[in-house]
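The next block holds one structure in the form of structure tokens; read it before the comments.
Computation of the quantities below employed the complete heavy-atom set of this structure, encompassing side-chain atoms and omitting hydrogens, waters and symmetry-equivalent molecules.
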Amino acid sequence: NDQIIEARLRCSTKGYCFAVRNDGGEDIYIRDQHLNNAWHGDNVLVKLTREGVRRRSPEGQIQCILERNKETLVCLIDKEDETVIAYPLEERIKGSIILPIKDEKYVKDDLLEGVVEVKIDKYPIAQYQAEGHIIKSLPLNKGHSFDDKYLLAKVGIKEDVIAPKIALKKPNSKNRVDLSSQESLIYKSWKGENSPPLPAFYVEAKEGGVKLYIHVPTVAERTGLGSTLDLWLRDKSEALCLGSYWKSLLSDNLNKASKFEVNKPNSAITLELDINSEGSIIDWNFSLSEILPKAEISVDIMNTIINRKPKSRLIPAKLKPIKDYLNQIQTLIFTSKLINQREIKDGAIELDLPIPDIDYLSELSFADPSSMTSQWHEPINQSDPQSILLPLIRTANHILSIHLKQLKLPFYMFNYQNI
């Protein structure tokens with residue numbers, strides 16, 4: 001039926017609601033009286049009632065709610081006569097939720113203490129209001145830990161999601177290149193225990209340019225496509241930084257198995273790049289590999305390198321464990337600057353924006369090596385090891401996209417930029 005369309009409801013804080021069509025067609029305007037108790041974010045079936053004319057959007061009525069987007073809501077509560085009512089703080093969700101009388105204990109005179117998380121037991125239907133019960137108090141005046149709980153509840157992220165218990169697959173050893181003798185290094189700024197696993201790098205000079213090896217942890221090989229763990233990871237979608245700690249994407253056992261550690265052999269996926277003196281890629285090669293990282297380069301080490309006098313023959317105590325790799329570190333910095341200059345020459349935008357110096361947001365003060373947080377580039381900060389990696393990983397992502405296109409394989413790269 002061409003007049004019945006599957007869509008997702010999107011509402012604004014001003015009260016305007018549109019059904020965003022799954023087939024990519026023009027958004028359909030939904031009047032209040034035709035919402036049929038659907039909430040912002042719900043998957044719905046919409047019946048077209050008026051075609052779009054000139055600059056006016058087509059209009060429709062919601063016939064059926066296919067899937068609810070929200071299971072819990074952050075609300076303020078109040079008691080009216082003998083009824084406890086929750087009012088969603090999400091302005092795009094209209095209506096209120098009836099709570100059991102036992103939840104009146106959460107009603108507070110101070111609004112900052114009266115914020116709660118409500119689990120929806122019955123969604124609104126016809127003339128009947130939604131019903132639910134309070135599962136958590138979220139006071140806004142109790143410090144950072146409660147602020148974090150409020151933030152997670154507001155965006156619908158569960159605090160304690162237990163990973164499925166499943167034995168991890170062992171990466172295939174067949175046709176893996178043995179690079180364990182290579183002096184690969186891990187560049188890491190994050191200090192959080194559950195921070196995402198990072199790549200390892202090795203670089204050497206070659207014919208006026210460099211040869212760069214980027215080793216990334218093997219994750220997909222250990223999970224199995226379509227497995228319970230794979231579906232669990234898809235549902236989580238990403239690791240989240242909450243200022244001073246992380247909500248990891250990977251399960252504990254998967255994180256432990258895949259992340260690189262010093263002097264511990266591990267499987268990897270390796271991208272080998274030949275880069276000329278102008279920062280352009282001459283050739284590349286992908287391979288499965290085995291590596292053995294030799295050292296971890298931290299913020300303290302980079303600061304010591306920066307503050308060291310260029311002509312000094314004395315090696316500071318902090319640098320003695322990695323003295324054999326100092327030339328390689330300098331070559332990697334040179335390579336990062338070289339690629340960054342080429343990106344700027346090709347039209348990339350570089351913005352030097354101030355970073356708030358707040359202790360509780362310490363993990364956010366370091367560069368995100370995924371390079372997916374903005375549409376511009378940050379200047380290279382040599383005291384931040386992860387900042388040095390940004391141009392290198394952007395280049396690796398670009399090469400991967402070219403490689404997949406040449407193989408005519410379908411792929412999706414989040415926030416992909418042409419560089």
Side-chain angles (χ1 to χ4, degrees), residues 6-11 20 22 24 39-44 66-74 90 92-93 117 119-120 147-166 168-169 190 192-199 216-260 269 361 363-364 366-375 386 389-390 393-394 396-398 400-401 404 409-417:
E6 192 170 343
R8 182 177 289 271
L9 186 64
R10 288 282 182 261
C11 300
V20 181
N22 291 0
W39 286 349
H40 168 75
D42 290 348
N43 283 331
V44 296
L66 301 176
E67 182 183 14
R68 290 288 187 174
N69 181 49
K70 294 284 188 180
E71 295 181 0
T72 62
L73 289 170
V74 175
E90 172 60 84
R92 294 173 294 182
I93 293 181
E117 184 177 7
K119 174 73 169 63
I120 307 300
D147 289 345
D148 289 344
K149 291 179 180 179
Y150 170 82
L151 176 63
L152 292 174
K154 190 77 167 62
V155 296
I157 297 175
K158 298 177 182 177
E159 281 193 80
D160 302 313
V161 181
I162 301 174
K165 294 182 179 180
I166 183 172
L168 299 179
K169 291 186 175 182
W190 289 325
E193 183 177 349
N194 290 328
S195 60
L198 292 169
V216 299
T218 57
V219 175
E221 284 185 80
R222 304 178 192 271
T223 60
L225 186 64
S227 68
T228 307
L229 181 57
D230 177 44
L231 297 177
W232 182 81
L233 291 171
R234 293 188 209 179
D235 187 56
K236 292 190 71 177
S237 82
E238 63 179 336
L240 297 172
C241 181
L242 294 172
S244 59
Y245 69 98
W246 288 83
K247 282 185 67 67
S248 177
L249 165 65
L250 308 182
S251 60
D252 291 340
N253 62 340
L254 184 54
N255 187 53
K256 184 177 180 181
S258 60
K259 72 176 181 180
F260 298 145
I269 302 169
L361 302 178
E363 293 288 87
L364 290 171
F366 301 118
D368 178 2
S370 68
S371 303
M372 294 180 177
T373 55
S374 63
Q375 295 296 323
Q386 293 175 186
L389 308 183
L390 290 174
I393 293 179
R394 286 196 296 263
N397 287 338
H398 180 55
L400 176 60
S401 69
L404 293 173
L409 292 173
F411 71 97
Y412 176 76
M413 193 169 290
F414 177 71
N415 205 29
Y416 169 67
Q417 301 176 36

Practice task
Please answer whether the main-chain N or O of S248 pairs with a side-chain N or O of K236 as donor and acceptor at a distance below 3.5 Å.
Solution key: yes
Problem - E363 (side chain) donor-acceptor with G192 (main chain) under 3.5 angstrom - result: yes
Problem - K169, NZ: over 12 other non-hydrogen atoms inside 6.0 angstrom - result: no
Exercise for the section: I would like to know whether W232 and I166 meet side chain to side chain contact (heavy atoms under 4.5 Å, CB included); could you show each step before the answer? Expected result: CA-CA 11 Å; W232 182 81; I166 183 172; over 6 Å; no
Handout entry: Backbone N/O of V44 and side chain of D42: donor-acceptor pair under 3.5 Å
Key = no
Exercise for the section: Please tell me if the side chains of F411 and S401 come closer than 4.5 Å, counting only heavy atoms from C-beta onward. Expected result: yes
Problem - Residue pair I393 / S370, side-chain heavy-atom distance below 4.5 Å - result: no
Problem - Exercise: identify the closest heavy-atom pair between C11 and R92 - result: O-CD, 2.8 Å
Exercise for the section: State which residues pass ring pair (Phe, Tyr, Trp, His ring centres under 6.0 Å) with W246; sequence neighbours excluded, sorted by chain then number. Expected result: W190
Problem - Residues which pass side-chain contact (heavy atoms from CB on, under 4.5 Å) with N253, listed by chain and number, not counting sequence neighbours - result: L168, S251
Exercise for the section: Tell me, yes or no, whether the heavy-atom count around I162 atom CD1, taken from other residues, nucleotides or ligands under 6.0 Å, exceeds 12. Expected result: no
Practice task
Give a yes or no on this: more than 12 heavy atoms of other residues, nucleotides or ligands lie within 6.0 Å of atom NZ of K256.
Solution key: no
Practice task
Would you mind reporting whether L152 and K247 have side-chain heavy atoms less than 4.5 Å apart?
Solution key: yes
Practice task
Would you indicate whether the side-chain heavy atoms of P369 and Q386 approach each other to under 4.5 Å?
Solution key: yes
Handout entry: pair N69-R8: side-chain heavy atoms closer than 4.5 Å
Key = yes
